[in-house]
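Computed from a predicted structure; not experimentally measured.
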Amino acid sequence: MALEDELLRQRHDRIAQIEQLGFQPYGHPFEYTHTIPQLIDEYGQRTAEELGNAVHVRIAGRIQRVRRMGKAGFLHLLQNGKSLQIYVKKDAVSETAYKLYELLDIGDIIGVTGYLFRTRTGELSVHVEDLFFLSKILLSLPEKWHGLEDVETRYRQRYLDLIANPDVRDVFVTRSKIIRSLRRQLDAHGFLEVETPMMQPLHGGAVARPFVTHHNTLDIDLYLRIAPELYLKRLVVGGIERVYEINRNFRNEGISTRHNPEFTMLEFYQAYADYKSMIALSKELLHQTAVDATGSSEVTFGERQLDFAQFRQFSMQEAVVEFWPGNDQPTLDNVRDPEWLGKHSRERSPGLALVDIFERHAEGQLFEPTIIYDFPVEVSPLSKNKPDQPDFVERFEIYAAGMEIANAFTELNDPQEQRRRFEMQLSRKAGGDEEAHVMDEDYIRALSYGMPPAGGEGIGIDRLTMILTNSPSIRDVILFPLLRPEGDIGLVQRLQDLAP
RNA sequence: GGGCGCGUAGCUCAAUUGGCAGAGCAAGUGACUCUUAAUCACUAGGUUGUAGGUUCGAUUCCUACCGCGCUCACCA
């Protein structure tokens, strides 16, 4: 018999033994006086004299480590990312409780009552007076001091990662703080949180390939949204002047350390504002979020530091000059010259060429938080033109740690111009650009009722979380990143073989 | 999709030019009533990702496939 089957059988057999002792193998509610983190907070600094064997507690957790010595033993219980030692002594518990103790496996979930004390080496511990069985482990946990290293298993079985690698929990705690901070700040600024469709008859608001699904009753294809933008702006038309949504977007593109097919985006819109208002608001939001999530505006990413209290700022043209990698550094006049642009990029138009050159040469170097503003109109079908430079729009992106983390603009609210932009996109689609924007006549209709001038912005929550948790891959900040299905696991058959 | 790399016991890792697949943890048995990587003794545990090929002999070399990672492309 394979070892794993042997282990499974041993543990499965213990279920009957646990039942014979009068316990349920998959128990019942268990009221505790403290969680383990609470208990450590409250009593972690108390001396043995202060505890005086008089503090009685009732706690629960998963058995993390076991050291048995004859008629006594020490176990560590893990709960909410913290562990606490308990001491079980034959003399100190009932015969039944001691028999239960002898049956325990690493990974079982138990409850205990007892009093707090300090061991000879000074570790805060619970001197157990009674034991309760709450849930049986059948499979083996990862090894105790290397933890779980195999990245595939870490992503597929995140629960094991969370049990074996305490730092992983902290990443997701920080992620939650980031989202909470952004919500709190936007709420304080009078923004209303809403939910708009994830399944859309037209995919708009961004340039990306969509996922397609089908609704049977209506017999129509629907797209998983690539962005909520056009719905949120319909709400601005409807008078919800400050509106935001934090939710998933879906893009049917490549997967990488910076891309997951579903990712979380904050989008917010503010009426009577423009991209300059959005720059000011972004700086404030990101600074405060970094402080709320990490305690400081300065964070370490990889080997380097970045500070969300300080943003550099360049137009896209300036950035190409500033971050040019070679010796033949261009001048600002070069970057404005269609001929020079054409020489340095194979893109069709000067605007597309500028973006291409920027992305190839400058983007990856933007490590400190940096605002890049004034984008070519060709890549910005929903942004308002610059009044003095109609080939450019009032748009900016924020880069940090070499990644784009935000995209914002003055919203285009002229329905005629929006119609022309969509038509421009349609001609690109006809030219073979699969990702070009589609015509959304219903959105044109909404704009035709009049949308107040507005600024809007999207912030990529996953990437922001990467930076604020010093995570090199987006998969480290998404609990269950998309992987290929792994196929037959074989456990169902093995459990069937064990069943009575 | 392209390129590079990885896949050995439940977990973490070894295995010399191609020559008997090993260790620690986890598990079982025994000893041990303040240990904390507990300790000590003994025991068990493997279709080396899958399928082929080369060879007297393959974890090792070759091919294809599966899965994962990095990277390029795409993209945020």
Side-chain angles (χ1 to χ4, degrees), chain A residues 1-11 13-14 48 64-76 83-93 98 105-107 117-125 127 137-157 160-161 163-165 205-210 226-227 249-265 267 359-360 363 379 397-399 403-407 433-435 458-464 466 472-476 481 483-488 491:
Chain A
M1 191 196 288
L3 173 68
E4 201 186 354
D5 287 332
E6 199 177 303
L7 295 178
L8 184 60
R9 174 164 297 279
Q10 282 164 11
R11 293 187 180 132
D13 289 347
R14 294 215 166 114
Q64 189 182 31
R65 301 197 299 274
V66 179
R67 293 170 300 284
R68 299 176 195 271
M69 302 158 302
K71 298 178 182 62
F74 291 91
L75 320 182
H76 272 90
S83 61
L84 181 74
Q85 182 169 262
I86 65 169
Y87 179 50
V88 181
K89 194 162 72 159
K90 192 169 187 183
D91 301 344
V93 297
Y98 195 75
D105 286 306
I106 289 175
F117 76 112
R118 287 205 177 265
T119 63
R120 268 176 212 162
T121 56
E123 181 167 345
L124 182 68
S125 308
H127 196 290
I137 190 170
L138 293 179
L139 300 173
S140 298
L141 289 180
E143 191 230 345
K144 64 185 169 191
W145 65 80
H146 295 96
L148 181 63
E149 307 259 334
D150 182 73
V151 287
E152 185 177 349
T153 309
R154 289 185 47 223
Y155 298 150
R156 286 195 195 281
Q157 296 178 263
L160 288 183
D161 194 24
I163 292 167
N165 301 324
V207 174
R209 287 155 68 189
I226 58 175
N249 290 344
F250 306 86
R251 298 189 186 174
N252 207 338
E253 311 271 1
I255 296 175
S256 80
T257 48
R258 292 178 298 279
H259 301 85
N260 193 60
E262 54 178 307
F263 64 102
T264 301
M265 181 88 104
E267 281 205 16
E359 287 177 350
R360 280 190 290 122
E363 180 176 340
V379 294
E397 290 185 341
I398 302 175
Y399 291 84
M403 295 186 287
E404 181 193 334
I405 58 169
N407 178 23
D433 184 349
E434 278 186 73
E435 294 170 351
I459 295 179
I461 298 297
D462 310 279
R463 289 180 176 180
L464 181 58
M466 285 170 69
S473 170
I474 200 169
R475 296 182 200 97
D476 295 324
L483 300 179
R484 284 198 154 82
E486 65 179 318
D488 184 23
L491 182 59

So how far is it from [X] [atom1] to [Y] [atom2], rounded to the nearest 0.5 Å?
{"X": "Leu148(A)", "Y": "Glu143(A)", "atom1": "CG", "atom2": "CD", "answer": "10.5 Å"}
{"X": "Asp476(A)", "Y": "Arg154(A)", "atom1": "CG", "atom2": "CZ", "answer": "5.5 Å"}
{"X": "Arg209(A)", "Y": "Asn252(A)", "atom1": "CZ", "atom2": "CG", "answer": "6.0 Å"}
{"X": "Glu404(A)", "Y": "Glu397(A)", "atom1": "CD", "atom2": "CD", "answer": "3.5 Å"}
{"X": "Asp462(A)", "Y": "Ile405(A)", "atom1": "CG", "atom2": "CD1", "answer": "12.0 Å"}

Roughly how many Å is it from [atom1] in [X] to [atom2] in [N], rounded to a whole number?
{"X": "Asn165(A)", "N": "C11(B)", "atom1": "CG", "atom2": "P", "result": "14 Å"}
{"X": "Arg120(A)", "N": "A38(B)", "atom1": "CZ", "atom2": "P", "result": "18 Å"}
{"X": "Arg9(A)", "N": "A26(B)", "atom1": "CZ", "atom2": "C1'", "result": "20 Å"}
{"X": "Ile137(A)", "N": "A26(B)", "atom1": "CD1", "atom2": "P", "result": "14 Å"}
{"X": "Arg156(A)", "N": "G67(B)", "atom1": "CZ", "atom2": "C1'", "result": "7 Å"}
{"X": "Leu7(A)", "N": "G28(B)", "atom1": "CG", "atom2": "C1'", "result": "9 Å"}
{"X": "Glu143(A)", "N": "C13(B)", "atom1": "CD", "atom2": "C1'", "result": "9 Å"}
{"X": "Leu483(A)", "N": "G67(B)", "atom1": "CG", "atom2": "C1'", "result": "10 Å"}

* Please figure out whether Arg11(A) or Pro142(A) has its closest RNA chain B nucleotide nearer the 5' end. => Pro142(A)

* Structure fact -> Result for 5'-nearest mapping on RNA chain B, choosing between Lys90(A) and Ala208(A), is Lys90(A)

When all nucleic acid strands are considered with a 4.0 Å heavy-atom cut-off, which category describes [X]: base, sugar-phosphate, or nothing?
{"X": "Glu397(A)", "value": "nothing"}
{"X": "Leu148(A)", "value": "sugar-phosphate"}
{"X": "Gly460(A)", "value": "nothing"}
{"X": "Asn260(A)", "value": "base"}
{"X": "Arg68(A)", "value": "base"}
{"X": "Gly147(A)", "value": "sugar-phosphate"}
{"X": "Thr153(A)", "value": "nothing"}
{"X": "Asp91(A)", "value": "base"}
{"X": "Phe250(A)", "value": "nothing"}
{"X": "Arg484(A)", "value": "sugar-phosphate"}

* Taking all atoms of both residues into account, what is the closest heavy-atom pair of Ser256(A) and Ile474(A), and its distance? -> O-CG2, 3.7 Å

[X] vs [N]: side-chain N/O to OP1/OP2 distance below 4.0 Å:
{"X": "Lys144(A)", "N": "C11(B)", "answer": "no"}
{"X": "Arg67(A)", "N": "A38(B)", "answer": "yes"}
{"X": "Arg475(A)", "N": "C68(B)", "answer": "no"}
{"X": "Arg65(A)", "N": "A38(B)", "answer": "yes"}
{"X": "Arg14(A)", "N": "G28(B)", "answer": "yes"}
{"X": "Ser256(A)", "N": "U71(B)", "answer": "no"}

* Asked: Taking the P atom of each, how far is G10(B) from C20(B), in whole Å?
  -> 23 Å

* Determine the Euclidean distance between corresponding P atoms of A51(B) and U60(B); express it in Å to zero decimal places. => 13 Å

* **Arg475(A) backbone acceptor or donor facing Asn260(A) side chain under 3.5 Å** => no

* To do: Look at the rings of Phe117(A) and His127(A) and say which category their plane angle falls in: under 30° parallel, 30 to 60° tilted, over 60° perpendicular.
  => perpendicular

* Structure fact -> Symbol by symbol from the 5' end, with Watson-Crick or G-U pairs under 3.5 Å, [ ] crossing and | another strand, RNA chain B is (((((((..((((.....[..)))).(((((.......))))).....(((((..]....))))))))))))....

* **Base of A38(B) and ring of Phe74(A) stacked, centres under 5.5 Å, planes under 30°** => no

* To do: Measure from the side-chain heavy atoms of Gln10(A) and tell me the nearest of C34(B), G69(B), A27(B).
  => A27(B)

* **Minimum-distance nucleotide to Ile106(A) side chain [options: A76(B), A27(B), C68(B)]** => A27(B)

* Would you kindly check whether a donor in the side chain of Glu123(A) faces an acceptor in the base of U35(B), or vice versa, at under 3.5 angstrom? => no

